[in-house]
Protein chains: 2
Amino acid sequence: MLDKTLSLNGKIWFETPDGKLLGHGRVELLERIQQSGSLRQAALQMKMSYRQAWDMINYMNEHFGAPVVISHRGGKGGGSAELTEKGLKAIEQFKLFQQKFQEFLKTNSPLIQI
Amino acid sequence: MLDKTLSLNGKIWFETPDGKLLGHGRVELLERIQQSGSLRQAALQMKMSYRQAWDMINYMNEHFGAPVVISHRGGKGGGSAELTEKGLKAIEQFKLFQQKFQEFLKTNSPLIQI
DNA sequence: TGTCGTTATATAAATAAAAGCATATCGATT
DNA sequence: AATCGATATGCTTTTATTTATATAACGACA
């Protein structure tokens with residue numbers, strides 16, 4: 001019998017041998033940094049601590065081949081953060097596979113037979 | 001450029017509106033119950049506490065349309081646990097989609113371009 | 001050169017998750 | 001009816017994770 005209350009879901013991410021590198025949450029963080037130009041603002045928008053956001057960016061900067069975010073402290077506005085080409089490419093690529101994955105879920109979910 | 005150290009990975013699960021219902025871990029637990037006929041043995045094999053294993057089974061029994069495990073206490077051996085048809089079907093179904101998902105990852109992972 | 005707001009970082013506090021412990025319950029077998 | 005080992009479940013303790021707090025560093029600009 002087909003159970004409509006039962007659905008297939010999941011998540012995907014990019015990883016290196018060291019572990020997870022980029023998933024949905026970090027992509028959203030990168031996008032908000034790109035839009036606001038501020039790590040602090042991005043963290044606030046996502047209701048996460050600045051510390052956690054900084055740790056995420058720091059981890060990515062150290063594990064992608066090159067930094068995904070360049071940050072500046074001091075100066076006008078107190079400081080800022082901006083995405084690198086690598087960061088932009090990472091977002092674009094993840095979204096591509098994310099879209100494919102959503103299609104995978106959408107086509108397979110209705111096929112559950114329990 | 002193609003980065004061989006970067007790969008696509010992920011996980012899938014069955015869920016109801018109440019949340020996750022069946023993923024890799026619970027499937028393994030069910031399989032070990034099926035093989036050993038004992039919740040305790042299954043928990044020990046997976047190095048998890050009996051309590052945690054019991055909670056998992058209890059949650060599934062209450063959220064699948066019908067129980068996935070029937071347990072008996074007392075009697076010969078002190079008690080036992082066995083999978084229902086529903087439980088067997090759930091394992092089978094999850095493994096089916098899991099296999100499809102692994103193919104998805106395998107074919108897409110080499111396509112990452114960062 | 002003093003101010004400002006952000007980045008950067010350590011340390012402490014608070015939450016949440018997991019594990020461990022204790023104990024009751026059960027029924028075939030002896 | 002006494003025994004046995006597994007199931008069932010509450011409660012305590014421990015561990016891990018997250019969040020909060022404090023403080024230094026920084027550089028454009030007034």
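It should be emphasised that the depicted structure is a prediction, and the values quoted were computed from it without experimental measurement. Only this structure's heavy atoms are used, side chains among them; waters, hydrogens and symmetry mates stay out.
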Which nucleotide, [options], lies nearest any side-chain atom of [X]?
X	options	result
A:A81	D:dT7, C:dT7, C:dT29	C:dT7
A:Y50	C:dA8, C:dA28, C:dT6	C:dA8
A:W54	C:dT9, D:dC29, C:dT7	C:dT9

key: Any donor-acceptor pair under 3.5 Å from B:R26 side chain to B:L21 backbone   =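 Checking the backbone N and O of B:L21 against the side chain of B:R26, a donor-acceptor pair under 3.5 Å is found.
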
task = Check for a donor-acceptor pair, side chain of A:T107 on one end and backbone N or O of A:F104 on the other, with a separation under 3.5 Å.
result =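 Here the side-chain-to-backbone pair exists.
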
key: Geometric class of the A:F94/A:F14 ring pair [parallel <30°, tilted 30-60°, perpendicular >60°]   =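 Ring orientation of A:F14 relative to A:F94: perpendicular.
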
message = For D:dT7 and B:S80 - does any side-chain N or O of the residue sit under 4.0 Å from the phosphate oxygens OP1/OP2?
response =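 No, outside the criterion.
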
ask   = Closer than 4.0 Å, any side-chain N/O of A:S71 to the OP1 or OP2 of C:dA8?
value =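 Answer yes for this pair, as a side-chain N or O of A:S71 is under 4.0 Å from OP1 or OP2.
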
Counting C-beta onward and ignoring hydrogens, is there a side-chain heavy-atom pair between [X] and [Y] closer than 4.5 Å?
X	Y	answer
B:E28	B:L30	no
A:K89	A:E92	yes
B:L8	A:I12	yes

ask   = Taking for each residue the nucleotide of DNA chain D with the nearest heavy atom, is it B:H72 or A:G77 whose nucleotide lies nearer the 5' end?
value =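 The residue closer to the strand's 5' end, by nearest nucleotide, is B:H72.
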
d([atom1], [X]; [atom2], [N]) in whole Å:
X	N	atom1	atom2	result
B:I57	D:dT9	CD1	C1'	16 Å
A:L39	C:dT6	CG	C1'	9 Å
A:M56	D:dT17	CE	P	14 Å
A:R40	C:dT9	CZ	C1'	13 Å
B:K76	D:dT7	NZ	C1'	17 Å

inquiry  = Regarding B:G79, tell me which of base, sugar-phosphate or nothing describes its non-hydrogen contacts under 4.0 Å with the strands shown.
reply    =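 Sugar-phosphate, backbone atoms only, no base.
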
All N/O contacts under 3.5 Å from nucleotides 19-24 of chain C to the protein, with atom names and distances to one decimal?
{"unit_1": "C:dA19", "atom_1": "OP2", "unit_2": "B:Q52", "atom_2": "OE1", "d": "2.9"}

ask   = Are A:K95 and A:E31 close enough, and set up right, to give a salt bridge (charged side-chain N to carboxylate O under 4.0 Å, His left out), and what steps lead you there?
value = CA-CA 11 Å; A:K95 284 189 149 187; A:E31 287 181 321; 2.6 Å; yes

